[in-house]
Amino acid sequence: MAALQSVRGTHDLLDDAVRRHRFVEETAFAVARRYGFGEIVTPIFEFTEVFARTLGDTSDVVTKEMYSFTDRSGDSLTLRPEGTAGVARAFVSNGLAQSLPLKLFYRGPMFRHERPQKGRQRQFHQVGVEVLGVESPLADIEALALAWRVLDALGVADVVTLEINTLGDGDSRAAYRDALVAYLSDFRDRLSEDSRDRLERNPLRILDSKDEGDRAIVADAPRMADSLTPAARDFFAEVTGGLEVLGIPFTVNPRLVRGLDYYCHTAFEFTTDALGAQGTVLAGGRYDGLIAQMGGPKTAGIGWAAGIERLAMLTARTPDPARPVAVIPMGGGDLAGLKVAEDLRAAGLAAEMGFSGNLKKRLARAADRMNARFAVILGEDEGSRGAALVRDLDTGTQDEVPLASLAAWLRERPPSGR
RNA sequence: GCGGGAGUAGCUCAGUCGGUUAGAGCGCUAGAUUGUGGUUCUAGAUGUCGGGGGUUCGAAUCCCCUCUCUCGCCCCA
């Protein structure tokens with residue numbers, strides 16, 4: 001291993017990257033709050049069974065991507081690869097069935113041992129929401145509306161498309177799976193190697209194979225829609241109908257399948273073609289059986305998760321950092337300058353000191369690097385009158401302001417955007 | 001996990017018949033200039049040439065291994 005470097009697939013966030021990251025996170029939560037969501041924070045690691053049991057034995061996440069380790073007590077623990085399992089576990093652990101319905105927002109790091117690519121890291125970050133205890137498709141519609149509003153608030157709604165499908169209820173899914181396997185088995189020899197494997201483990205996944213040959217075979221395969229029970233069909237119709245009422249654009253993609261076992265009924269993905277191979281930016285679906293499967297009371301659930309890094313790469317809107325006041329002491333009065341800066345900070349203003357170079361250079365730095373709106377010049381002349389010279393770096397005008405009222409003066413003139 | 005491409009200063013890169021002390025631009029630091037703006041000028045600092053091994057009198061340059069990034073597959077946010 002060369003010198004000092006971060007672990008493969010992990011990255012430091014610096015300056016702009018941090019700001020973009022937080023912007024995505026805060027924007028998502030701000031919008032979620034408008035929909036009545038509260039925040040939940042769960043540990044970033046759990047007992048391995050929490051993930052193994054909920055995600056399904058056949059999923060790639062469980063079979064080859066988990067960061068698992070044995071701790072000093074001999075327990076097998078795993079860094080969370082996704083958020084829903086932990087939230088579901090917390091729901092059961094804390095007896096939250098008493099508090100239904102619940103609308104929960106979460107954010108934080110996730111870990112998957114995958115080969116890194118652009119938009120794919122081993123430690124990445126998600127924001128996500130879960131709605132628990134609402135069986136009605138209204139919850140699906142609201143969750144999708146929230147997703148749409150978040151993407152819109154981030155300024156990425158126009159480069160993203162919503163694809164949606166139904167996986168049906170348990171009966172629908174079992175019937176469809178049988179029909180699909182029966183059909184595909186006839187073409188077994190012509191399927192790609194990957195898909196022959198999928199035929200055993202997860203036949204639905206063959207539907208969205210990228211292999212040309214597979215696609216030709218799949219084109220004539222039986223369709224999920226034909227296997228849906230009337231109830232499942234009605235459910236999906238209500239979801240799509242709701243999206244139309246709310247004016248949220250979408251396309252039905254009958255081949256859309258979700259990777260994790262716990263999904264049923266509604267499945268959806270917001271994708272973009274601006275990110276290379278990792279086009280999915282936000283995805284989720286309904287998981288009515290999950291909590292019961294974990295040993296809790298039968299509880300409906302729907303949720304989604306979005307990749308913060310992927311969204312951060314898409315969003316052009318990064319808010320500028322707050323513009324500070326630049327305090328520039330002259331005549332060697334550095335400590336006096338520090339005192340003035342300290343008073344401004346105590347009054348709630350952002351203040352930075354400009355120490356080095358002559359006045360000309362200090363002003364240039366204040367305007368350029370610090371992006372300050374005002375420079376407070378502490379000169380000897382003004383100092384003798386108990387005042388400072390405040391220069392507006394945007395307009396070039398300056399006023400002499402008594403030190404006693406400096407903070408109040410500045411507060412009346414909040415720094416505008418860059 | 002599989003297959004392709006790439007790694008030289010903080011950033012973008014030049015450096016290929018193997019040949020002294022490895023370069024440029026930008027950025028950084030300081031000065032010109034302790035009292036008025038992003039320009040300019042001058043000076044300066046910084047590299048285990050991703051890491052390890054090998055070939056050679058001599059390796060940033062050729063060979064092997066490895067690490068990381070990147071593109072695609074698998075899969076996913």
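Fair warning: this is a prediction, and the values are worked out from it, not measured in the lab. Chain letters run A, B, ... following the sequence lines, proteins first and then strands; every chain starts at 1.
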Using a cut-off of less than 4.0 Å, is there contact between a side-chain N or O of A/K210 and OP1 or OP2 of B/rC73?
yes

Which residues in residues 116-123 of chain A have at least one heavy atom lying under 4.0 Å from any atom of RNA chain B?
A/P116, A/Q117, A/K118, A/G119, A/R120, A/Q121

Taking any heavy-atom pair under 4.0 Å as a contact, classify A/I308: base, sugar-phosphate, or nothing.
nothing

Looking across every strand, which nucleic acid part, if any, lies under 4.0 Å from A/L359 by heavy atom: base, sugar-phosphate, or nothing?
base

Base, sugar-phosphate or nothing for A/E380? Non-hydrogen atoms, less than 4.0 Å.
base

Scan nucleotides 27-31 of chain B against the protein and return all N/O pairs shorter than 3.5 Å with their distances rounded to 0.1 Å.
| from | atom 1 | to | atom 2 | distance (Å) |
| --- | --- | --- | --- | --- |
| B/rC28 | OP1 | A/R369 | NH2 | 3.1 |
| B/rU29 | OP1 | A/R369 | NH1 | 3.3 |
| B/rU29 | OP2 | A/R365 | NH2 | 3.4 |
| B/rU29 | OP2 | A/R369 | NH2 | 3.4 |

Can you sort out the partners of A/E135 under salt bridge (charged side-chain N to carboxylate O under 4.0 Å, His left out), two or more places apart, ordered by chain and number?
none

Ion pair check, A/E342 and A/R345, cut-off under 4.0 Å:
yes

Quick one: label A/D334 by what it contacts on the DNA or RNA (base, sugar-phosphate, nothing), any heavy atom closer than 4.0 Å.
nothing

Under 4.0 Å between any heavy atoms, over every strand shown, what does A/Q398 touch: base, sugar-phosphate, or nothing? Just pick one.
base

How about A/E412 and A/S405: do any of their side-chain heavy atoms sit closer than 4.5 Å?
no

Could you run down the sub-3.5 Å N/O contacts of the protein with nucleotides 5-9 of chain B?
none

I'd like to know if A/R8 reaches the base of B/rU68 with its side chain such that a donor and an acceptor end up less than 3.5 angstrom apart.
no

Hey, could you give me each pair passing ring pair (Phe, Tyr, Trp, His ring centres under 6.0 Å) that has a residue in residues 101-139 of chain A? Not counting sequence neighbours.
A/H21-A/H125, A/F29-A/F105, A/Y67-A/H113

P gap between B/rU16 and B/rG50, integer Å
14 Å

Integer angstrom distance from the C1' of B/rU56 to that of B/rC64:
16 Å

Can you name the side-chain contact (heavy atoms from CB on, under 4.5 Å) partners of A/D71, sequence neighbours left out?
A/F69, A/S73, A/D75, A/L77

What contact category does A/E382 fall into here, base, sugar-phosphate, or nothing, at under 4.0 angstrom with non-hydrogen atoms?
base

